[in-house]
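Some notes on the structure that comes next.
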Amino acid sequence: MNEQRKPTIVVDDIHVQYKTFASGKAASDRRSLMQRQRGVRIVKAIKGVSFAAYEGESIGVIGHNGSGKSTLMRAIAGLQQPVKGAVYSASRPALLGVNAALINDLTGEKNVMLGGLALGMTPDEVASRREGIIEFSGIREFIDMPMKAYSSGMAARLRFSIAISRDHQILLVDEALAVGDKDFRAKSEQRIRELRQQAGTVFLVSHSMRSIMDTCTRVLWIDHGELKMDGDPKEVVRAYKKSK
Amino acid sequence: MTEIDYAALAREAGLPRVGARQDLPAYLKEMWQRRHFAIRLARYRIEGSLNQNRLGLAWVVLNPLLQAAVYGLIFGVIMPKSSREGINFIPFLVTGFFIFSFFSKSFSQGARAITGNTSLVRSLSFPRMLLPLAAVLRNIYELVPMMAVLSVILIGFGEYPTWTWLLVPVILAFMTMFNMGVALIAARLTVHVRDVTEIIPVITRLIFYTTGIFYSLEQVLADKPAWMLTLARLNPVHDFVELVRWAFMGGDTDMTQLAVIALIASVVTLIVGVFFFWTAEERYGRE
């Protein structure tokens with residue numbers, strides 16, 4: 001059905017694992033120190049997910065906590081290499097997470113600079129977009145204060161504003177819309193729609209079925225690291241709600 | 001839906017694989033384009049760590065100065081004078097300590113560059129090499145005021161500027177290459193084996209005493225077998241410290257051997273470090 005359209009992202013049967021330390025019952029495979037590290041357990045976060053995304057699509061990703069949504073986003077962004085399978089993409093996808101790191105001891109203004117540079121802009125580009133970023137975040141009066149003085153909502157708004165200041169061909173938004181008040185949420189949804197119209201592809205991870213239904217044209221339901229359903233938002237959300 | 005060959009679909013659309021490691025020239029080129037990120041990160045880190053203190057940036061110099069004072073007080077009294085005959089002790093000690101701390105801080109901060117920035121590594125894509133390099137860069141920034149204070153101390157203790165002072169930046173440039181190489185190797189090792197962080201202070205301590213900060217290795221080892229001094233001189237940190245001391249305070253020792261070892265060590269360490277770090281580029285976000 002999508003033959004005439006050009007895929008922007010192809011995810012081919014990816015498996016992602018974490019190595020982590022466990023104790024107690026979880027560390028059942030205890031081995032000696034010389035053999036390897038003790039109590040290391042492999043967590044299989046993604047177990048074989050495949051799909052193709054096309055230009056202009058806005059894809060919602062839903063699933064219970066710990067189902068592997070954020071891991072999938074990181075794998076698509078190339079920040080976490082899959083142990084098996086591969087992700088192919090037309091341009092480097094940009095991941096916008098709520099916990100994107102900025103330095104808390106510094107003022108919002110300096111964090112705008114640092115965040116912009118981290119996204120690959122030049123200092124001049126950041127300087128020219130600075131006003132727009134601060135305007136969008138709506139926290140101009142606090143911009144000269146260190147970020148640790150911000151409320152979590154304010155910090156998240158600033159991070160979101162930095163991340164969307166650049167035109168990304170492929171944008172991955174991880175639960176960022178859940179933060180901020182009603183006005184800010186409306187503004188960000190508007191911006192995401194704009195981004196989509198610039199022939200980009202947007203992924204949106206959210207627990208808010210309303211923002212998924214409002215912004216997305218297609219929904220992926222991830223359950224226990226597997227792709228359970230892929231299709232029209234209404235159908236998938238209905239099935240997802242029923243499963244609870 | 002039937003089985004779709006996704007790999008073929010990607011091939012047809014001409015999509016490259018995400019997160020694939022670039023070849024070294026392209027990698028270094030991207031790093032150069034993103035250099036402003038590392039520079040700002042280094043500068044902001046200094047500001048962020050100090051703006052809570054009342055004396056602020058003054059601590060960059062005060063801290064090593066006070067530490068040098070402690071060593072001077074303890075060992076200047078305890079150690080026999082024969083361990084540093086004919087040496088202007090205070091400038092000798094402060095020069096040694098400042099140069100050594102440039103190495104030790106680059107080493108320890110470089111080692112933590114990836115593991116200490118996990119959230120940054122997991123949320124943004126940029127050449128990971130920028131993080132250990134930013135750690136070294138931060139120490140270069142801190143070195144500048146330290147050198148200014150050092151020249152004041154030198155002049156205050158009767159070591160007046162000579163033409164050889166101009167060689168100090170050159171020596172430090174090579175030392176920076178060496179430190180970068182060490183930081184890159186330490187950064188990758190820490191990612192694989194977290195235990196490395198526990199050993200680094202021990203290694204640093206070992207290098208500290210074999211470098212000769214508050215005594216002259218050349219004099220202490222004078223009546224020992226010759227191979228011991230040769231061995232000590234193979235430690236590049238000792239060579240850098242001795243070279244800077246020589247440039248600042250003069251002396252009649254032949255520096256050729258030390259200069260050659262230091263030069264080779266910096267070039268080799270940097271090349272090995274860059275290559276060693278780059279080969280694991282894809283793995284940094286995973287653990």
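It should be emphasised that the depicted structure is a prediction, and the values quoted were computed from it without experimental measurement. Because only heavy atoms are used, hydrogens play no part in the values below, and waters and symmetry mates are left out as well, while side chains stay in.
Annotation: maximal heavy-atom pairing with chain B below 4.5 Å, among A:Ala86, A:Pro146, A:Pro123, occurs at A:Pro123. Annotation: maximal heavy-atom pairing with chain B below 4.5 Å, among A:Val11, A:Val87, A:Ile76, occurs at A:Val87.
Rounded to the nearest 0.5 Å, atoms CZ (B:Arg45) and CG (A:Leu114) are 8.0 Å apart. Note that the CE atom of A:Met121 and the CZ atom of B:Arg34 stand 10.5 Å from one another [nearest 0.5 Å].
Both the backbone and the side chain of A:Ala90 come within less than 4.5 Å of a heavy atom in chain B. In this structure, no portion of A:Val16 lies under 4.5 Å from any heavy atom of chain B. Contacts between B:Arg40 and chain A at a heavy-atom distance below 4.5 Å involve backbone atoms as well as side-chain atoms.
Summarising the local packing, CZ of B:Phe275 is surrounded by 12 or fewer heavy atoms from other residues, nucleotides or ligands at distances under 6.0 Å. Around atom NZ of A:Lys44, no more than 12 heavy atoms belonging to other residues, nucleotides or ligands sit under 6.0 Å away.
Across all their heavy atoms, B:Tyr44 and A:Met113 have their closest contact at OH-CG, 3.7 Å. A pairwise comparison of heavy atoms in B:Arg17 and A:Gln81 identifies NH1-OE1, 3.3 Å as the closest pair.
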